[in-house]
Amino acid sequence: MRHYTFPLLGREFPVSTPERPEDLAHFIAWLSRQTQPVAVDSETHGLDILSGDPEYVRMVQFGSQEEAWNIPTELGMSFKEAARTALWMLIDGVGITGHNWAAFDAPALHVHLGIPYDDLCKNAVDTMLCSKLVDPRAVQEGGIGSSLKPLSDHYIDPTAADTQGDLTAVFRSLGLTKAVGFSRIDLWHPIYQSYGGGDVLLTARLRPKLENKLRLLGVPQRLVDYEHEVARICGHMQIRGLLLDQDYTRRLADELGEEEATQTAIVRTYGVEKLGSPAQIAEALIGMGESLTERTAGGAVKADKSVLSALADMDLYGNRLHVRTPNPLAVAVIKAKRAGKWKSAYADNFLTSLDRNGRIHPGIRTMQARTGRMSVTNPAVQTLPSGDWKIRRCFLAEPGERIISVDFQAVELRVLAALAGVKRMKEAISLGRDLHSFTAELVFGPDFTPKHRKISKAIGFGVVYGGGAATIQRQTGAPMEEVKRAVAAYHRTYPEVRRAANRWQREAFSNGMVTTSVTGRRLPLDRDRTYAVTNYQVQSAARDCLGQALINMEEAGLLPYLRLPVHDEVIASAPAREADDIGRAIGKCMTFDLFGVPIESDPEVGGRSWGSLYLPDDQRAAHDEWYANAGLAT
DNA sequence: GATGTCACG
DNA sequence: ACGTACGTGACATCA
């Protein structure tokens, strides 16, 4: 047995690490004496816990509020067996506390120890989820933050060691980078052992503080439980991952590389050395006689896609406007940047994220945004280009299966109608009307034009986002007078929208600048951006519609088909014969009533690849394996 | 690390 | 009194 300590609150807390198999009995004896939930953490070789390597975990730590035990499972079978036994004892006993448990440690330990993921989660509380329900903001946004260090500072001891940051410093002193430090640091390095134990001591102490705070703030236990369910469901999707078409992706990466090289060579002939330097691009364009008038927030000359597109005589989708002679530099810069981004952020990123089975496992952060919205990283598959099928084509349904996408229909508008009780909006939805046309008709009369519908749509979004007439004018290009008239008419038609916004702001002022969502979620407002309250309410409630839908899907036995949540959409894979039924079943889980407003969904069944859903029907047979084999051109 | 840009809902 | 477009992740460049 080796003994270490972790300094906290002016004391030295014991950290014990069994060194020989016979030491493990002491650990199990200690564990069986615990009457409170035990914190569990793991140290791994890096962040790729789902790489498919079952030996990716080096050590599993267990801690009470007073004492920590580190079990170095890399030392062999008996150590792994002790960790496995201990986890089962906690699952069937006092329970587990973990920080980022659902998305990191539980998946890692599931792979490492073979314990079913659901069992690891069923008697566990994730302190990261709890902390986001107290305050969803990052430190940079003025919040408490959700990492162990800022939470420990706030709730336990501001002088607590920065276990992650200090360890990184140790790596550097050993000549290691952060990327390899966790893998190569000696198991018995005293800081590694001390801080490994420190993490579970801190987590064990954090849980009662957070649970108490949630009670004091009146956050419903129902919401806490719901978030743990949502995180577990998304954890399953993360573990399963997405199947990548490796051959296609490699070919695509090569093609994009060639396109980037070709276009960059053209850009160079105009004296621009760095494609990513807006300053150089702007300088060259001005040198060609173009006038660039727009400025960025930082005061620099703006040279983004909208500026370049105008010079290239194109709209934002790349269609010719036939208004002027295209500037050849602007054309080449647009093409080169697009190819470069698509290669590095997408194709290359997919290939470097591959696991041993040809799958990628994007990290699903179920409560990342300050509205509770999810985000997806490594790679960011929620943000793949939707105007072109090529990138999404990289992802495949399982062999013999088809890709399914089910999305909510205009969910944010419907949520707004429901939350604010907007009478005429609710009527239009019940009648099955297109809401933007409905608004256009009320505002501009029965002879409204497509242009009027466009303005109405922009106002519909603009109001939810807190925008004003100027922004809508910029968006639509319509005359300012017409936009102002339409905004005024919008508020006359739907007076409840402004009334609800005022009420939410008033309530926030009397509640520490926090507006509470319909599910009881705390949404802190920025003092100088209180107009964002409508968006926070709507975006957050829409996020909870998705979360509830995911829970409905699990209850309906659909979890094995689910692959990815995308804000108002769910991606799934199902055997070709059942795909239509599965799509309808998922759609049913995304259909419910919200304060008298129907929330509805639209299932779509594609072919073998995700990209097939983004192809015109007549191109599907040429570009998608399933459609080609099915002999269906349309 | 800040800034600008570009991809999504 | 007036007006404010919301939420993300990733990459390249530059200080």
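Convention: sequence-line order gives letters A, B, ...; per-chain numbering from 1.
- Regarding A/I334, its CD1 atom lies at a distance of 20 Å from the P atom of B/dG4, rounded to whole Å.
- Side chains of A/V497 and A/R499 form no contact here, defined as non-hydrogen atoms less than 4.5 Å apart.
- Residue-to-nucleotide contacts include no donor-acceptor pair under 3.5 Å from the side chain of A/Q382 to the base of B/dA7.
- Heavy-atom minimum distance, A/I144 versus A/D135: N-OD2, 3.2 Å.
- The distance between atom CD1 of A/I571 and atom C1' of B/dC8, rounded to the nearest whole Å, is 12 Å.
- Contact annotation for A/G387: backbone-only contact, meaning every heavy-atom pair under 4.0 Å involves sugar-phosphate atoms and none involves a base.
- Here C/dG3 presents its C1' atom at 14 Å from CG of A/N502, a figure rounded to the nearest Å.
- Within the 4.5 Å cutoff, the side chain of A/I403 has no heavy atoms near those of the A/V605 side chain.
- Contact annotation for A/L384: backbone-only contact, meaning every heavy-atom pair under 4.0 Å involves sugar-phosphate atoms and none involves a base.
- Atom CG of A/D568 and atom P of B/dC8 are 14 Å apart (whole Å).
- If you take NZ of A/K302 and C1' of B/dG4, they are 10 Å apart, rounded to a whole angstrom.
- Counting only distance, with no hydrogens or angles, the side chain of A/E141 and the backbone of A/A138 share a donor-acceptor pair below 3.5 Å.
- Ionic pairing of A/D153 and A/K149 is present here: one or more N-O contacts between side-chain nitrogen and carboxylate oxygen are shorter than 4.0 angstrom.
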Sequence-aligned protein contact record of nucleotides 6-15 of chain C, with B where the base is within under 4.0 Å of a protein heavy atom and S where only the sugar-phosphate is: BBSBSS-SS-
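- Whole-Å rounding puts the A/E294 CD to B/dT5 C1' distance at 14 Å.
- Atom CG in A/L316 sits roughly 10 Å away from atom P in B/dC6 (whole-Å rounding).
- When atom types are taken as modelled, the side chain of A/T471 and the backbone of A/G467 share no donor-acceptor pair closer than 3.5 angstrom.
- When heavy atoms are screened at a 4.0 angstrom cut-off, A/A542 is found touching no nucleic acid atom at all.
- Residue contacts shown for A/G298 are limited to sugar-phosphate atoms, with no base heavy atom under 4.0 Å away.
- For A/R506 and A/W504, the positive end is not near the middle of the six-membered ring at less than 6.0 Å and at most 45° from its axis.
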Test side-chain contact (heavy atoms from CB on, under 4.5 Å) applied to A/I571 and A/I404, step by step: CA-CA 6 Å; A/I571 307 299; A/I404 298 167; over 6 Å; no
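- Atom-to-atom, CD of A/Q409 to P of B/dG9 comes out at 16 Å; the value is rounded to the nearest Å.
- A/K305 has no side-chain polar atom (N or O) that falls below the 4.0 Å cut-off from OP1 or OP2 of B/dG4.
- Checking A/W610, A/W389, A/Y614 one by one against A/H623, the ring-ring contact (aromatic ring centres under 6.0 Å, His included) holds for a single residue, A/W389.
- Stem regions annotated for DNA chain C: B:1-9 with C:6-14, counting only runs of 3 or more consecutive pairs of Watson-Crick or G-U type with both contacts under 3.5 Å.
- Look at the P atom in both C/dA5 and B/dG9: the space between them is 22 Å, to the nearest Å.
- A/V406 is not listed as a side-chain neighbour of A/D602, based on a closest heavy-atom distance of 4.5 Å or more.
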